[in-house]
There are 2 protein chains.
Amino acid sequence: MSSPTAVEPFPAHTSAASQIFTTVLSQGPLTRLEVARRAGLSAAAVTRAVRPLIEDGYLAEDADEGARPALGRPASLVRVNGGRALFIGVKATGDTIIGVLTDLRCRILVARHIPLPARDPKSVLGTAAELVRELLIEADGLGVRVAGLGMAVSGDVDRAEGVVRYSPFLEWRDVPLAELAAMTTGLPVTVDNDVRALTVAEQWFGAGVGLSGFAVVTVGAGIGCGLVVHGRVVAGAHGVAGEIGHVTVDPAGPRCHCGNRGCVEAIASDEAIVRQVSAATGVQVADAVEAAGLAHDGVAGAREVYARAGDAIGRAIATVANLLGPERVIISGEGLAAYDLFADHIRDAFATAAFGSAAQCDVRTRPLPFDEWARGAAATAIQSFIRSDAN
Amino acid sequence: MSSPTAVEPFPAHTSAASQIFTTVLSQGPLTRLEVARRAGLSAAAVTRAVRPLIEDGYLAEDADEGARPALGRPASLVRVNGGRALFIGVKATGDTIIGVLTDLRCRILVARHIPLPARDPKSVLGTAAELVRELLIEADGLGVRVAGLGMAVSGDVDRAEGVVRYSPFLEWRDVPLAELAAMTTGLPVTVDNDVRALTVAEQWFGAGVGLSGFAVVTVGAGIGCGLVVHGRVVAGAHGVAGEIGHVTVDPAGPRCHCGNRGCVEAIASDEAIVRQVSAATGVQVADAVEAAGLAHDGVAGAREVYARAGDAIGRAIATVANLLGPERVIISGEGLAAYDLFADHIRDAFATAAFGSAAQCDVRTRPLPFDEWARGAAATAIQSFIRSDAN
DNA sequence: CTCGTTATTTTCCGCTGTCAATGAAAGAAG
DNA sequence: CTTCTTTCATTGACAGCGGAAAATAACGAG
């Protein structure tokens, strides 16, 4: 993250302060005592940390009108004042840039899409800057400052340095995106891998709240996986992590562009499904929607392809569960539009391939509107804003 | 861990103290300044933490006779005084209990094996107690107290509670081993899964020193995997973690006792290899040593079995590397006696199946004398001794 | 013997978070 | 209507930790 202009920073007076703020942010309105319990601190520490945050407008206090106990002084709830600061999240896909304006609680206020003329860094950056400008105008209309910009890119991204090491999709190598975007927009910029960004959003604002270990599996154009272990998002040694897409599911399966056979991605990605459905039915389908249409119409060959895909995904998830013992697996992604076609197969394959108590892992799905990718980017910006030592 | 008798605890005056001690313990003799750098603390903090530890005899100071610089005050090296305390590690296998007596630096001083009459908790505990008694006598001879007992068991073990949840191998369920052993021996007891224990030993005293993410893969009677992520050993949600043995490598492969087909363990474990070599050569081999003998003699069918086994292991390791991006993978285990038979195949399969920069992961092997399993158990005891909040 | 240089120690000093005591805001009891 | 009881929140005193900077130590080179 780099901050070119002197934006007033988050008043994280103490390390406990940011921890307390994070607790309130992700676990919703809580009484001070409850915050103390969950953060493992004394009530006194919470009181002290909360006061300046309320003064600065980051937290607010409500009476707890809900579950009032029969006895004792009623608790007052502390919640994050979402309107205190805004954030922008940007995600570049192959042909579009998606941008969202969110509040501090990562709720999407405005979403915008702009078609992408070309994929080179300059074009993408120019288009992204345009999008950011539009969203900054929206923010101005709200009269709230934008405190950070998050950018999510697929591939090998070094978040600490803000550099895109290698993105096969965009054909980028060693692009110092954070620096460039910070110069262009004047905002503090956080850059991260797209799936990891989505995982951060789940960890703080989604189905991963409060869990110390979980996995996010995205099904769509590619098959991705974000991992949280020991309460932290995993970023492996060489930037690569969560490459579930190239777990071998069937050494005799179709050839994958990575050079191997039977990768999950070669069986269950949109592209693979289109190819296989075309081959199996003799109908030349153009995209995943058409392929799903055939399957929904009951065409046996197409249904068979989805069955195999679901099986592959289920096995891959079981592999993750066997290795890491996550408390939960969240299946998400654009591919979920056709989720009914593989849901059962995923469940069956997972149940079969999960070993021992790994089978107890809670596997659930979550629809993923396309804007969510950009929201993930915004979540990384929020994370960076709250604690500069993020991740 | 439970401590029945009041054994004088480790004087971890501060949280930084144990961190500093751990740094010196695993990174060998270091100057104070170097310790400060590696632990991310100030030199003053190191000086302060070191003094009482030297007074208590846990640390010692040497002149740095080695690389003396041309200029300035020569540094003095701080090292752990291994002789300050002893530890016992015990590992139960199918037919034998192995016990080691180690010093504080986890160097094996005495190793003992006792045949195991039966596998029920009472028999195992009785035999283990006998072994511990023998080792305590050895320790008495050295005039140093034994500060802890570590026990390693295969299966689902809850280290925090000291309970063996389920060990298929021993056919145990919910055995409160730590409590039982503490009552029997009067020592503070730590109980952990055997592969995790081995991983702790590598992390503190072996090839994992200083790495924040690595994997230990054991090849032998079973195929196991210990993982370190974010500098901590992974223990999944339901005790199960690192189940690399049941990663599916070939859905058309041989049936595994877990019910699936083509698990790594069904292809590369000792038992699987014996079975496959027997089938391929027509010779009824009795154990892994005979199987390896045939292969070493150049019998094609046997060599082929090892090739497939190496391939399966290499793919499984690649899966781990793709998912987690470890800095290193350490291959170990009794199966390494025949390592030359699959080494090349492991490397080839890994190189093929590792995706992108995951292929840069350093894959190395390490011979594993059988005593090492017990040493791993001792390492967990040392860890518990140093910081009660271990893991 | 004095300097320059690097390692270690000492001397403050501020910050953080805990403890224990106190205040506040109810409903309950009389 | 007053006083208790109960629970949540706040305050003040305090101790410990670790950092910064200054002081000290140990050596080789002039």
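Just so it is clear, the structure is predicted and the values come from calculations on it, not from any experiment. By convention in this document, chain letters (A, B, ...) are assigned in the order of the sequence lines, proteins followed by strands, and residues within each chain are numbered from 1.
- Within the structure, a side-chain polar atom (N or O) of A/Ser76 is placed less than 4.0 Å from OP1 or OP2 of D/dA9.
- Looking at residues two or more places apart in sequence or on another chain, you find a side-chain contact (heavy atoms from CB on, under 4.5 Å) between A/Thr22 and A/Trp204, A/Ile386.
- For B/Arg84, the side-chain hydrogen bond (donor to acceptor under 3.5 Å, both in side chains) partners are B/Glu8, not counting sequence neighbours.
- Take A/Asn81 and apply the side-chain hydrogen bond (donor to acceptor under 3.5 Å, both in side chains) test, not counting sequence neighbours, and it matches no residue.
- Residue B/Arg51 places at least one side-chain N or O under 4.0 Å from the OP1 or OP2 atom of C/dT10.
- Across all strands, B/Ala45 comes closer than 4.0 Å only to sugar-phosphate atoms, never to a base (heavy-atom distances).
- Between the P atom of C/dA25 and the CG atom of A/Leu33 lies a distance of 16 Å, rounded to the nearest Å.
- Taking 4.0 angstrom as the limit, A/Arg73 places none of its side-chain polar atoms (N or O) nearer than this to OP1 or OP2 of C/dG23.
- Residues B/Thr47 and A/Ala16 both approach DNA chain C. Their nearest nucleotides, taken by heavy-atom distance, put B/Thr47 toward the 5′ side.
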Under the rule of Watson-Crick or G-U wobble with both distances under 3.5 Å, where | means paired to another strand and [ ] a crossing pair, DNA chain C maps to ||||||||||||||||||||||||||||||
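- Taking A/Arg48 as the reference, nothing meets the side-chain hydrogen bond (donor to acceptor under 3.5 Å, both in side chains) condition, with sequence neighbours excluded.
- One finds a side-chain N or O of B/Arg32 lying less than 4.0 angstrom from the OP1 or OP2 phosphate oxygen of C/dT9.
- Applying the side-chain hydrogen bond (donor to acceptor under 3.5 Å, both in side chains) criterion to A/Glu327, with sequence neighbours excluded, gives A/Ser212.
- With hydrogens and angles ignored, the 3.5 Å screen pairs no side-chain donor or acceptor of A/Glu61 with any backbone N or O of A/Ser76.
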